[in-house]
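Indexing begins at 1, ligand by ligand and atom by atom, following the structure's order. All figures in this text were calculated on a predicted structure; none of them were measured in a lab.
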Amino acid sequence: MTEPQQTFYDAVGGADTFHKLTAKFYEEVAKDEIVRPLYPEEDLGPAERRMRMFLEQYWGGPRTYSDERGHPRLRMRHSPFRIGPMERDAWLRCMYVAIDSIDRSVLDDAHRAQLVDYMDMAANSMVNSPI
Ligand code: HEM
């Protein structure tokens, strides 16, 4: 009998790692002069939770995001915000700081590279303005 394959979510420490990642990311967003003004709410807590649920689901964890929010349709959900190359780069800077903050004993180089590649791809796909 073959063992069921371990998900990325489990391999990198599950809920605890995704909590740390999104908490650090939003800590950076809160300080960022380019990205912060795009967020409509003063309280970033609910946005942090949506991001965490989305990422957990994407990487094989609980499917709470879709239970609560339906299909992600992320490009559509970002259409109210003007996202040009500058916003994308600022967002990615925050995300790289967050990824870097996760201990190497939990997120090894191979998983780190996978996460960085995904974030690069996803951030590029969210760009909806040439400037
Ligand atoms: C929501 C900005 C890229 C995932 C939002 C919101 C803003 C925003 C302003 C609304 C906040 C809220 O949820 O209340 C940006 C900018 C990006 C970017 C400037 C630059 C490229 C991404 C990427 C992902 C992502 C790459 C996924 C990997 C999400 C999710 C939500 C969200 C899951 C909540 C969607 C929902 O309503 O369920 N983003 N975002 N974002 N963003 Fe982004």
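Of the protein's heavy atoms, Leu74 CD1, 3.7 Å lies nearest to atom 27 (C) of ligand 1. For atom 6 (C) of ligand 1, the nearest non-hydrogen atom of the protein is Phe81 CE1, 3.5 Å. Counting only heavy atoms of the protein, atom 37 (O) of ligand 1 lies nearest to Arg69 NH2, 2.5 Å. Regarding atom 24 (C) of ligand 1, its nearest protein heavy-atom neighbour is Trp91 CZ2, 3.7 Å. Protein heavy atom nearest atom 38 (O) of ligand 1, with residue, atom name and distance: Tyr65 OH, 2.5 Å. Of all protein heavy atoms, the one closest to atom 33 (C) of ligand 1 is Phe54 CB, 3.5 Å. Atom 2 (C) of ligand 1 has its closest protein heavy atom at Tyr39 OH, 3.6 Å.
Other residues, nucleotides and ligands place no more than 12 heavy atoms under 6.0 Å from the CD atom of Glu33.
At least one heavy atom of Tyr118 sits closer than 4.0 Å to an atom of ligand 1. Heavy atoms of Arg77 approach ligand 1 to within less than 4.0 angstrom.
Residues His111 and Asp108 have side chains that bring a donor and an acceptor to within less than 3.5 angstrom of each other.
Summarising the contacts of atom 14 (O) of ligand 1 with Glu68, Arg36, Arg50, Glu41, the nearest heavy atom is found in Arg50. Between the choices Arg52, Met51, Met119, the shortest heavy-atom distance to atom 4 (C) of ligand 1 belongs to Met51.
Residue His78 touches ligand 1 through its side chain alone, judged by heavy-atom distances below 4.0 Å. Under 4.0 Å from ligand 1, heavy atoms of Leu38 appear from its side chain as well as its backbone. At a 4.0 Å heavy-atom cut-off, ligand 1 does not touch Leu92 at all.
Not a single donor-acceptor pair under 3.5 Å links the side chain of Arg52 to the backbone N or O of Phe18. Under a 3.5 Å cut-off, the side chain of Glu87 and the backbone N or O of Gly84 do form a donor-acceptor pair.
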Exercise for the section: Check step by step if side-chain hydrogen bond (donor to acceptor under 3.5 Å, both in side chains) holds for Arg88 and Asn124. Expected result: CA-CA 7 Å; Arg88 174 202 60 200; Asn124 272 305; 2.8 Å; yes
